[in-house]
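No hydrogens, no waters, no symmetry mates; every other heavy atom, side chains included, goes into these values. Everything numeric in this text was worked out from a predicted model, so none of it was measured.
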Amino acid sequence: MNREAAKHILIVEDELKIAQLLADYLVSSSFEPHQLHRGDQVQAWLASHPCDLILLDLMLPGLDGLEVCKQIRQHSNIPIIMITARVEEIDRLIGLEHGADDYICKPFSPREVVARVKAVIRRVINQTSLNTDGIQLSEQGFKVSKSGVQCELTKVEFYLFSAMFKQPGRIFSRDQLMDIIYDDRHIVSDRTIDSHIKKVRKKIASIGIEESAVHSVYGAGYKYE
């Protein structure tokens with residue numbers, strides 16, 4: 001996850017200890033959490049604050065989670081992960097039918113919640129094909145195409161390239177790129193990124209995208225332009 005552009009996560013949970021526990025774990029993973037404790041506070045908050053994903057408890061005072069989810073979906077596609085103590089299949093299906101992107105049952109591991117948050121954000125960011133200057137990216141198959149000619153990247157290569165492609169001109173440090181492509185933050189060498197970049201350049205060159213489009217900035221990192 002990019003530490004310089006922390007994703008804003010709204011936690012809507014009336015059990016204060018659970019809300020704070022989730023917030024602490026999200027902060028440790030470089031997210032920026034915000035807390036609300038009533039369902040009827042959500043719409044007003046969203047109207048004036050940035051939000052990249054909502055962790056939404058099902059049982060809330062003021063307005064229950066399903067109704068909150070339903071209202072949000074009338075005007076927004078913000079990713080929503082519902083949290084509940086209800087484990088019955090019908091409740092899960094109802095939640096997803098109202099537009100939830102994922103569903104977690106209590107009791108849960110905070111680490112699991114953080115992993116789900118990362119997975120949903122990544123999926124939502126990449127699920128829609130990108131098309132700029134005749135270059136198209138599609139997460140299905142991790143493919144890049146230009147003028148109908150396509151190449152297939154590995155999962156890591158795709159996330160690496162798409163991160164830069166979506167923000168042309170922005171310089172990403174090696175650390176930032178490692179945060180983007182390695183969720184578990186396992187230790188890898190800076191040269192691992194260089195190796196991935198080299199492979200990406202070779203593959204995109206095979207479909208007519210200049211290798212120099214993925215540009216090396218001495219002492220800083222890489223950018224797409």
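Screening residues 107-116 for salt bridge (Lys or Arg N to Asp or Glu O under 4.0 Å) gives Asp102-Arg116, Glu112-Arg116 as the qualifying pairs, with residues at least two apart or on separate chains. For residues 153-163, every residue pair satisfying the salt bridge (Lys or Arg N to Asp or Glu O under 4.0 Å) rule, not counting sequence neighbours, is listed here: Glu157-Lys203.
Listed by chain and residue number, Pro33 satisfy the side chain to side chain contact (heavy atoms under 4.5 Å, CB included) test with Val27 (two or more places apart in sequence, or in another chain). With sequence neighbours left out, Ser48 forms a side chain to side chain contact (heavy atoms under 4.5 Å, CB included) with no residue at all.
Two residues are said to be in side-chain contact when any heavy atoms from C-beta on lie closer than 4.5 Å; Asp52 and Ile78 fail this criterion. Taking 4.5 Å as the limit, some side-chain heavy atom of Met82 sits within range of a side-chain heavy atom of Ile80. Within the 4.5 Å cutoff, the side chain of Ile121 has heavy atoms near those of the Lys7 side chain. Proximity of Ile171 to Tyr224: side-chain heavy atoms (C-beta onward) are nowhere separated by under 4.5 Å. Between Leu53 and Leu55 there is a side-chain heavy-atom pair separated by less than 4.5 Å. Between Ile9 and Val117 the shortest side-chain heavy-atom distance falls below 4.5 Å. Lys118 has its side chain within reach of Phe31: a pair of non-hydrogen atoms, C-beta onward, lies under 4.5 Å apart. Considering only heavy atoms from C-beta on, Ser206 stays 4.5 Å or farther from Lys202 through its side chain.
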Output a table of donor-acceptor pairs, distance under 3.5 Å, between side-chain atoms of residues 209-223 and any protein atom two or more places apart or on a different chain; print 'none' if there are none.
| unit_1 | atom_1 | unit_2 | atom_2 | d |
| --- | --- | --- | --- | --- |
| Tyr222 | OH | Asp194 | OD1 | 2.6 |
| Lys223 | NZ | Glu225 | OE1 | 3.4 |

I'd like a table of donor-acceptor pairs (distance under 3.5 Å, sequence neighbours excluded) in which one partner is a side-chain atom from residues 15-26, with atom names and distances.
| unit_1 | atom_1 | unit_2 | atom_2 | d |
| --- | --- | --- | --- | --- |
| Glu15 | OE2 | Lys106 | NZ | 3.1 |
| Gln20 | OE1 | Gln35 | NE2 | 3.0 |
| Gln20 | NE2 | Asp24 | OD1 | 2.8 |

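Cation-pi contact between Arg174 and Phe172: absent, since separation from the ring centre below 6.0 Å together with deviation from the ring axis within 45° is not met.
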(Q) One pair to check against side-chain contact (heavy atoms from CB on, under 4.5 Å): Phe158 and Val200. What are the steps and the verdict? (A) CA-CA 8 Å; Phe158 181 86; Val200 167; over 6 Å; no
Q: Give the intermediate values and the outcome of ring-ring contact (aromatic ring centres under 6.0 Å, His included) for residues His8 and His49.
A: CA-CA 9 Å; His8 295 266; His49 296 83; 9.1 Å; no
Q) Where do Phe165 and Ile135 land on the side-chain contact (heavy atoms from CB on, under 4.5 Å) test, with the steps shown first? A) CA-CA 10 Å; Phe165 181 80; Ile135 300 173; 3.7 Å; yes
Q. Is there a side-chain contact (heavy atoms from CB on, under 4.5 Å) between Leu153 and Tyr159 once you walk through the steps?
A. CA-CA 9 Å; Leu153 306 182; Tyr159 288 138; over 6 Å; no
Q: Go through the steps to decide whether Leu36 and Val42 satisfy the test side-chain contact (heavy atoms from CB on, under 4.5 Å), and finish with yes or no.
A: CA-CA 7 Å; Leu36 295 177; Val42 175; 4.2 Å; yes
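Put simply, the side chain of Lys146 never gets that close to the backbone of Ile207: no donor and acceptor are under 3.5 Å apart. A donor-acceptor contact shorter than 3.5 Å is absent between the side chain of Gln71 and the backbone of Val68.
Ring geometry for Trp45 versus His34: interplanar angle of 30 to 60°, hence tilted.
Residue Val120 comes nearest to Pro79 through the heavy atom pair CG1-CB, 3.6 Å, listed as atom of the first residue, atom of the second, then distance. Across Ile54 and Leu46, no two heavy atoms sit closer than the pair CD1-CD1, 4.1 Å. Taking both residues in full, the closest heavy atoms of Val114 and Ser29 are given as CG1-OG, 3.4 Å, listed atom of the first, atom of the second, then distance. Taking all atoms of both residues into account, the shortest heavy-atom contact from Arg38 to Val12 is O-CG1, 4.0 Å. Across all their heavy atoms, Leu60 and Asp57 have their closest contact at CD1-O, 3.3 Å. Among all heavy-atom pairs drawn from Ile72 and Gln43, the shortest one is CG1-OE1, 4.0 Å.
In this structure, the separation between OG1 on Thr154 and NE2 on His196 is 6.5 Å, given to the nearest 0.5 Å.
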